[in-house]
Amino acid sequence: MPELPEVEVVRRGLTAHAAGRRISGVQVFHDRAVRRHIEGPADFQAVLTGHRIDELRRRGKYLWFALDDGDAVLAHLGMSGQFRVGTPGGAVHPHLRVRFTFDDGGPDLDFLDQRTFGGMQFVPGGAELPDPIAHIALDPLDPDFDRDLTIARLRAKRTEVKRALLDQTVVSGVGNIYADESLWRVKLHYARPTGGLTKAVAGGLLNAATEVMQDALAAGGTSFDSLYVNVNGESGYFDRSLHAYGRENEPCDRCGTPIRRDPFMNRSSFFCPVCQRPPRGR
DNA sequence: AACCACACCTGTTCGC
DNA sequence: TGCGAACAGGTGTGGT
């Protein structure tokens with residue numbers, strides 16, 4: 001699933017293959033891909049045509065095209081979104097949702113999305129920071145990331161630690177995979193109350209999240225299934241480095257105890273029942 | 001105000 | 001063999 005490292009891989013790919021190019025046409029193949037653009041698919045196509053893509057930016061799991069006149073195209077990959085660079089007028093894949101063509105006659109840019117949780121919207125004046133994501137916290141790889149502020153936010157929450165870690169208004173970019181990996185690294189159970197965390201433990205958790213995402217980025221991202229790929233359709237290989245996520249019944253790399261999977265927030269939490277002891281009362 | 005459950009999707013895997 | 005259920009899960013919304 002695309003979390004921060006995977007989105008950053010895509011951002012870099014788009015920087016190499018889309019930045020500096022002028023859009024000559026936009027085709028929307030599935031309206032749901034632009035559902036956040038309230039003016040509708042036809043307007044989305046019309047308003048983008050003729051603009052040059054200056055820069056690709058990212059905050060957490062969101063990325064956006066900064067356009068030449070200060071506007072932006074804000075994109076989220078959702079569960080299964082992919083940007084792919086391909087031959088002009090190439091085959092229409094069944095999951096193709098949006099296709100951009102450019103006035104240089106070079107490769108088209110395709111947005112594919114099997115599960116249609118992802119999408120794009122045009123944001124006037126959004127080049128610096130699109131309004132719809134102003135509420136999203138800075139991510140740990142942002143040069144302006146404020147570690148002390150984030151520690152304070154974590155400890156101020158009255159909830160379970162994994163819920164706080166997944167809350168994009170506390171810290172952005174962390175999803176289910178890297179949340180489980182971070183918690184495993186610092187030996188914290190997902191249900192530990194945030195209010196009981198010391199500054200040192202909360203800071204250690206943030207360090208772990210930062211490190212695991214940096215490591216994943218260096219490996220080109222995680223491809224747990226074939227849904228996540230870079231702009232050339234290639235998978236990263238960080239899944240070989242996972243210690244908890246997806247490893248139910250496999251031995252913990254620290255103590256050998258079989259990794260457990262618990263239902264959590266309509267998804268799963270993978271953890272070592274010995275290294276990551278549950279809080280009292282569970 | 002803060003927190004939480006749920007809807008939104010579809011392709012694949014699992015159990016009966 | 002075939003079919004329905006379960007599963008994957010990020011985000012916005014509406015309810016408590």
Side-chain angles (χ1 to χ4, degrees), chain A residues 1-11 28-38 58-64 74-83 93-98 111-121 123 130-137 139 152-183 190-197 209 213 216 221-229 235 239 242 244-249 259-271:
Chain A
M1 321 311 148
E3 302 180 28
L4 186 154
E6 292 75 35
V7 178
E8 176 61 16
V9 169
V10 172
R11 190 196 67 79
V28 175
F29 290 84
H30 195 308
D31 289 358
R32 198 175 139 74
V34 293
R35 65 193 179 283
R36 299 273 170 214
H37 187 76
I38 51 175
R58 183 188 57 75
R59 174 178 288 194
K61 304 169 195 171
Y62 285 90
L63 61 85
W64 64 96
L74 177 63
H76 196 290
L77 301 177
M79 292 294 303
S80 55
Q82 306 177 357
F83 279 106
H93 187 279
H95 299 147
L96 177 61
R97 308 307 184 201
V98 180
F111 179 71
L112 285 64
D113 190 9
Q114 177 199 103
R115 297 178 195 166
T116 73
F117 277 28
M120 280 175 274
Q121 66 188 115
V123 183
D131 286 342
I133 60 165
H135 65 291
I136 299 292
D139 62 68
R153 278 186 188 151
L154 270 174
R155 298 177 73 229
K157 297 290 272 186
R158 289 295 173 266
T159 186
E160 299 167 342
V161 64
K162 186 173 172 183
R163 290 180 187 274
L165 203 52
L166 293 174
D167 183 339
Q168 303 297 299
T169 67
V170 173
V171 53
S172 70
V174 183
N176 203 39
I177 296 175
Y178 298 117
D180 280 1
E181 292 303 305
S182 304
L183 292 166
Y190 62 85
R192 282 279 296 275
T194 44
L197 301 179
M213 292 196 292
T222 299
S223 180
F224 191 69
D225 55 33
S226 61
L227 282 180
Y228 166 71
V229 293
S235 296
D239 52 324
L242 297 177
Y245 184 83
R247 298 193 66 241
E248 184 178 16
N249 295 327
I259 296 291
R260 256 181 56 192
R261 177 168 70 100
D262 278 2
F264 182 80
M265 293 174 74
N266 286 326
R267 58 206 64 178
S268 295
S269 270
F270 297 90
F271 67 105

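Please read all numbers here as calculations on a predicted model, not as lab measurements. In what follows, chains are A, B, ... by sequence order, proteins preceding strands, each numbered from 1.
- Across Ser268(A) and Asn176(A), no two heavy atoms sit closer than the pair O-ND2, 3.0 Å.
- Close to dC7(C), at under 4.0 Å from its OP1 or OP2, lies no side-chain N or O of Arg267(A).
- Salt-bridge formation is not detected for the pair Asp139(A)/Lys61(A): no Lys NZ or Arg NE/NH1/NH2 atom is positioned less than 4.0 Å from an Asp or Glu carboxylate oxygen.
- You'll find the side chain of Val7(A) stays beyond 4.5 Å of the side chain of Tyr62(A), heavy atoms only.
- Here the side chain of Asn176(A) is nearest to one of dA8(C), dT11(C), dG10(C), namely dG10(C).
- Atom NE2 of His135(A) and atom C1' of dT13(C) are 12 Å apart (whole Å).
- Comparing Arg158(A) and Arg32(A), the nucleotide of DNA chain B nearest to each residue sits closer to the 5' end for Arg158(A).
- Considering only side-chain N and O atoms, His76(A) lies nowhere under 4.0 angstrom from the phosphate OP1 or OP2 of dG10(C).
- Put simply, chain A comes within 4.0 Å of DNA chain B, heavy atom to any atom, from dC3(B) to dG11(B), going 5' to 3'.
- dG12(C) atom P lies 9 Å from atom CD of Gln168(A), rounded to whole Å.
- Considering only side-chain N and O atoms, Tyr62(A) lies under 4.0 angstrom from the phosphate OP1 or OP2 of dG12(C).
- Salt bridge absent: Arg32(A) and Asp113(A) never bring a charged side-chain N and a carboxylate O closer than 4.0 Å.
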